[in-house]
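Okay, structure first, notes after.
What's counted below: heavy atoms across the whole structure, side chains too, no hydrogens, waters or symmetry copies. For clarity, every value in this text was computed on a predicted model and none was experimentally measured. Here is the naming used below: chain letters follow the sequence lines, and residue numbers restart at 1 for every chain.
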Amino acid sequence: MSEIAKESTEEKSLNFIEQIIEEDIRTGKHEGRVLTRFPPEPNGYLHIGHAKSICLNFGVAQKYGGGTNLRFDDTNPVTEDTEYVESIKNDVQWLGFQWVNEFYASDYFDNLYAFAIDLIKKGLAYVDESTSEQIASLKGTPTEPGTNSPYRDRGVEENLDLFERMKNGEFPEGSRTLRAKIDMAAPNMIMRDPIIYRIKFAHHHRTDDKWCIYPMYDFAHGQSDSIEQITHSICTLEFIPHRDLYDWCIDKLEIFPSKQYEFARLNLTYTVMSKRKLLQLVNEGHVTGWDDPRMPTISGLRRRGYTPESIREFCDRIGIARRDNLIDVSLLEFCVREHLNKIAQRRMVVLDPLKVVITNFPEDTVELCLSENNPEDPNGGMREVPFSREVYIEREDFMENPPKKFFRLAVGQMVRLKSAYIIRCDEAIKDEAENIIELRCSYIENSKSGNDTSGINVKGTLHWVSVSEALPIEIRQYDRLFKVEDLASAEGDFKDHINPNSLEVITGYAEPSLKEATVDTKIQFVRKGYFCLDTDATSDKLIFNRTVGLKDTWGKVAGK
RNA sequence: UGGUGGAUGGUGUAAUGGUAACACAGAAGAUUUUGGUUCUUUUAUUCAGGGUUCGAGUCCUUGUCCGCCAACCA
């Protein structure tokens with residue numbers, strides 16, 4: 001980051017979390033210490049919404065001289081897996097963040113069990129033998145209070161015994177739960193004697209078969225924060241009602257007082273952002289996997305060609321607040337273009353070829369043209385691009401009956417072939433069906449790029465590829481996965497709105513230097529967009545993903 | 001409608017009782033060997049009513065609309 005950029009961030013107004021932290025530092029809370037945590041459940045891949053949370057959690061900690069723990073919230077063995085753990089760690093690091101400690105809620109199962117016993121001893125928890133249906137019906141509704149369970153007033157000794165036997169596996173799954181004894185008439189439904197432990201004879205990815213009882217989120221999260229002495233536990237808005245219980249547990253257990261703060265999660269236009277829905281897209285084959293380049297997952301964006309810098313910039317620009325939001329996906333695209341424009345290597349690739357024969361250029365001659373790798377980077381250097389009598393240009397760069405401001409090729413019109421010569425179109429050759437199959441052009445001999453003494457000024461510059469040297473490549477062009485802007489308020493199932501044309505695969509013709517591309521190389525196909533080598537590519541078959549197209553003001557004009 | 005959180009241009013975010021601003025998107029123009037980039041210019045905003053105040057997006061009040069909460073999910 002440059003000094004100027006650093007200064008401008010410092011001058012930026014604080015978001016409400018930063019204001020709270022600065023106030024806490026000012027008043028000496030926790031001796032000014034700041035420790036946050038990022039707490040993913042390992043039951044899916046991270047997405048751009050998690051990136052917002054990661055940037056917030058790691059970002060504020062970094063800003064105020066603190067740190068962040070990575071803590072896997074693995075209290076439900078049924079849905080969780082180590083595959084997810086690995087992908088999550090990889091994604092966080094790829095985004096550019098490093099945690100202080102790698103922890104697991106399951107590391108605290110012994111502590112949590114002891115906390116439960118403490119609660120029982122304090123007369124604040126009891127073993128309930130009601131079925132889940134009974135528990136639900138006794139819970140009441142938002143407008144009516146609940147009813148006490150018949151098991152609510154068991155003695156401490158009986159509860160202790162029963163809970164231990166639950167732990168020992170003496171009772172079948174679902175037959176008993178441990179409930180906090182709070183208030184069945186509480187206006188906050190969460191506080192109506194919440195279940196804090198349940199029986200699950202499931203294999204846990206870390207504790208194996210040691211446990212057959214597992215704590216619920218509400219009995220694990222706050223205590224885990226407390227054990228780690230997290231100062232600011234940042235989560236999303238839907239956890240607001242849980243804060244009462246978070247505080248209740250910490251209060252009754254008399255443990256370190258971590259505090260929960262909530263911000264609004266990210267929503268993106270034309271995108272779904274729930275792990276459940278993303279998993280469904282994967283499982284039902286609407287995409288090829290969690291890292292399909294159309295997915296809003298970190299791994300999908302990475303494969304698509306997004307950079308960590310651009311995602312961080314995006315998260316910075318969208319801000320942090322407490323109101324629901326729906327961010328225009330064009331802001332994400334703006335951020336990636338902004339970064340890629342600075343770093344991408346320029347290369348010429350024709351996506352929809354039209355052959356041009358330069359009739360006054362000698363046959364069997366290949367002339368090398370020097371072309372800049374990146375006009376934004378003075379040290380980017382040059383490369384050689386072969387030029388010959390036959391080249392491909394983009395079919396859309398020629399028009400038989402051009403409109404007034406068409407600066408490209410038409411019979412009688414001149415254009416520059418980028419980094420090469422100015423050519424004039426003399427004739428368009430058609431087949432029997434009147435399709436244009438070839439252009440006959442002549443080049444202006446003294447117009448070569450760099451040594452142009454022709455004095456001719458042309459309005460248009462086209463990218464091109466020499467036919468004999470052209471390298472065929474597969475190009476995957478992506479469109480938005482969904483057809484509607486706001487999936488949350490769209491009618492019907494979200495899958496009804498899948499865009500059937502979200503992937504278009506074509507063959508393009510590339511200048512030879514594209515052979516050297518690696519998965520990490522960011523490339524701009526001149527005048528077309530930003531692309532990167534796909535992980536499916538082999539040395540025999542080059543495959544490129546379109547990260548994002550270039551801003552296309554002509555397309556807009558022509559489309560009118 | 002029980003609780004709870006929220007409402008500022010098309011979309012986000014700021015303004016912390018004192019000129020409603022910044023970015024994206026949109027529009028117009030200049031530059032350009034990428035119709036890209038860059039640079040100008042520009043359209044458009046405080047949910048509604050009442051109140052406090054010299055002064056209200058901000059405080060009070062009434063209402064409207066939106067989100068979330070009745071999983072042995074997180």
Side-chain angles (χ1 to χ4, degrees), chain A residues 12-15 19 39-41 43 73-76 78-80 128 131-132 135-137 139-146 173-179 186-192 195-200 213-214 216-218 220-221 235-244 262 264 269 275-276 317-335 337-338 341-342 346 348 371-372 375-376 405-408 415-420 422 449-450 452 458-463 485 488-489 524-529 549-558:
Chain A
K12 244 177 64 177
S13 57
L14 303 177
N15 65 49
Q19 289 176 25
E41 184 188 10
N43 67 347
D73 231 332
D74 56 352
T75 56
N76 185 358
V78 179
T79 55
E80 294 153 6
D128 197 333
T131 64
S132 64
I135 289 176
S137 72
K139 192 137 198 166
T141 68
T143 49
E144 302 160 289
E173 205 166 291
S175 66
R176 281 165 183 76
T177 58
L178 185 71
R179 291 232 255 166
N188 180 354
M189 302 283 291
I190 303 281
M191 298 298 274
R192 320 246 259 227
I195 293 170
I196 57 178
Y197 259 96
R198 73 299 207 180
I199 301 170
K200 273 183 195 287
I213 56 171
Y214 292 93
M216 299 287 288
Y217 165 85
D218 285 308
H221 199 94
C235 63
T236 47
L237 254 29
E238 63 270 27
F239 290 96
I240 289 173
H242 295 256
R243 191 175 57 226
D244 284 347
E262 312 89 7
T269 55
K275 279 194 277 187
R276 199 195 98 248
R317 283 179 184 251
I318 58 178
I320 299 295
R322 278 171 76 82
R323 65 186 94 105
D324 292 327
N325 58 83
L326 180 61
I327 308 282
D328 196 329
V329 73
S330 66
L331 180 61
L332 217 209
E333 293 177 345
F334 167 84
C335 292
R337 280 196 194 103
E338 182 187 46
N341 176 51
K342 290 193 198 107
R346 270 58 171 176
M348 292 198 284
S371 193
E372 69 227 330
E376 301 294 313
K405 287 198 166 173
F406 188 73
F407 303 141
R408 310 180 189 181
V415 295
R416 171 169 299 279
L417 294 180
K418 183 165 175 64
S419 304
I422 293 173
S449 201
D452 186 352
V458 291
K459 288 285 269 183
T461 300
L462 307 186
H463 62 284
E485 197 171 75
S489 61
Q524 183 193 106
F525 291 3
V526 175
R527 299 210 302 141
K528 285 281 132 189
L550 255 30
K551 199 166 141 195
D552 182 10
T553 45
W554 167 251
K556 268 177 211 149
V557 175

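- A:K551 comes within contact range of the sugar-phosphate backbone alone, with a heavy-atom separation under 4.0 Å but no base atom that close.
- Judged by atom type and distance alone, A:R408 reaches the base of B:G35 through a side-chain donor-acceptor pair under 3.5 Å.
- Between the side-chain ring of A:Y217 and the base of B:A74, no stacking contact exists by the 5.5 Å and 30° definition.
- Side-chain atoms of A:S13 lie closest to B:A15 of the nucleotides B:C72, B:C24, B:A15.
- Evaluation of atom-type donor-acceptor distances gives no pair under 3.5 Å for the side chain of A:R527 against the base of B:U34.
- Each of A:G140 and A:S449 has a nearest nucleotide on RNA chain B; the 5'-most of these lies closest to A:S449.
- Residue contacts for A:G549: at a heavy-atom cut-off of 4.0 Å it reaches no nucleic acid atom on any strand shown.
- A close approach under 4.0 Å does occur between a side-chain nitrogen or oxygen of A:K556 and OP1 or OP2 of B:G26.
- The line from CG of A:L331 to OG1 of A:T269 is 9.5 Å long, rounded to the nearest 0.5 Å.
- If you check every strand for non-hydrogen atoms under 4.0 Å, A:S330 touches sugar and phosphate atoms only.
- Considering only heavy atoms from C-beta on, A:L237 comes within 4.5 Å of A:D324 through its side chain.
- One interatomic measurement links the two molecules: CD of A:E485 to P of B:C24, which rounds to 19 Å at whole-angstrom precision.
- Residues A:R527 and A:L462 meet the side-chain proximity criterion, which asks for heavy atoms closer than 4.5 Å.
- Between A:R323 and B:A7 there is a side-chain N or O to OP1 or OP2 distance below 4.0 Å.
- Of the candidate nucleotides B:A74, B:G5, B:A14, B:G5 has the atom nearest to the side chain of A:I240.
- Side-chain contact between A:L178 and A:I213 is absent, with no heavy-atom pair separated by less than 4.5 Å.
- Remark: the separation of the C1' atoms in B:C68 and B:A14 is 26 Å, to the nearest Å.
- Pairing of B:C72, defined by two Watson-Crick or G-U wobble distances under 3.5 Å, is not identified with any nucleotide.
- Nearest to the side chain of A:P375, among B:A74, B:G36, B:G3, sits B:G36.
- Within 4.0 Å (heavy atoms only), A:F239 reaches at least one base atom of the nucleic acid.
- Side-chain atoms of A:Q524 come within donor-acceptor range of the base of B:U34, with a qualifying N/O pair under 3.5 Å.
- A:R192 comes within contact range of no nucleotide atom at all, as no heavy-atom separation falls under 4.0 Å.
- At the heavy-atom level, A:K405 lies under 4.0 Å from base atoms of the strands shown.
- Among the nucleotides B:G36, B:C73, B:A70, the one closest to the side chain of A:M216 is B:C73.
- Residue-to-nucleotide proximity on RNA chain B shows that, of A:T75 and A:R322, the 5′-proximal contact is made by A:R322.
- From A:R179, atom CZ reaches atom CD1 of A:I195 across 6.0 Å, with rounding to the nearest 0.5 Å.
- Using a cutoff of 4.0 Å between basic side-chain nitrogens and carboxylate oxygens, A:K418 and A:E372 are scored as salt-bridged.
- The base of B:U34 is not paired with the side chain of A:T461 by any donor and acceptor separated by under 3.5 Å.
- In this structure, A:R276 reaches neither bases nor backbone, as no heavy-atom distance under 4.0 Å exists between it and the strands shown.
- Partner assigned to B:U40 is B:A28, using Watson-Crick or G-U wobble distances below 3.5 angstrom.
- When distances run from any side-chain atom of A:I327 to the nucleotides B:G12, B:U33, B:G36, the shortest one goes to B:G12.
- Taking the side chain of A:T143 as heavy atoms from C-beta on, and the options B:G2, B:U34, B:G12, the nearest nucleotide is B:G2.
- Contact of A:R346 with B:U34 (side chain to base): a donor-acceptor pair of N or O atoms is detected under 3.5 Å.
- Here A:H242 lies in heavy-atom contact (under 4.0 Å) with a base.
- In the set B:C69, B:U13, B:U37, the nucleotide with an atom closest to the side chain of A:E376 is B:U37.
- Among the protein residues, A:D324 comes within range of the sugar-phosphate backbone only, with heavy atoms under 4.0 Å from sugar or phosphate atoms but none that close to a base.
- Looking at heavy-atom distances under 4.0 Å, A:F407 makes contact with a base.
- Between the P atom of B:U13 and the CZ atom of A:F334 lies a distance of 18 Å, rounded to the nearest Å.
- Side-chain atoms of A:M189 and A:P241, non-hydrogen and from C-beta on, never get closer than 4.5 Å to each other.
- Among the protein residues, A:F406 comes within range of the nucleic acid bases, having at least one heavy atom under 4.0 Å from a base atom.
- Counting any heavy atom pair closer than 4.0 Å across all strands shown, A:S419 reaches a base atom.
- As judged by a 4.0 angstrom heavy-atom cut-off over every strand, A:L237 is placed among residues making no nucleic acid contact.
- When side chains are defined from C-beta on, A:N43 does not count as touching A:R276, because their heavy atoms never get closer than 4.5 Å.
- Among the protein residues, A:E41 comes within range of the sugar-phosphate backbone only, with heavy atoms under 4.0 Å from sugar or phosphate atoms but none that close to a base.
- In this structure, the nucleotide among B:C24, B:G36, B:C73 sitting nearest to the side chain of A:R317 is B:C24.
- Between B:A74, B:U4, B:G6, one nucleotide has an atom nearer to the side chain of A:R198 than all others, and that is B:A74.
- In this structure, the separation between CG on A:L14 and CD1 on A:I320 is 12.5 Å, given to the nearest 0.5 Å.
- At the phosphate of B:G36, OP1 or OP2 sits under 4.0 Å from a side-chain N or O atom of A:T553.
- Both distances falling under 3.5 Å, in either a Watson-Crick or a G-U wobble arrangement, place B:U64 opposite B:A7.
- Nucleotide B:A14 forms no Watson-Crick or G-U wobble pair with any nucleotide shown, as no partner meets the under 3.5 Å limit on both distances.
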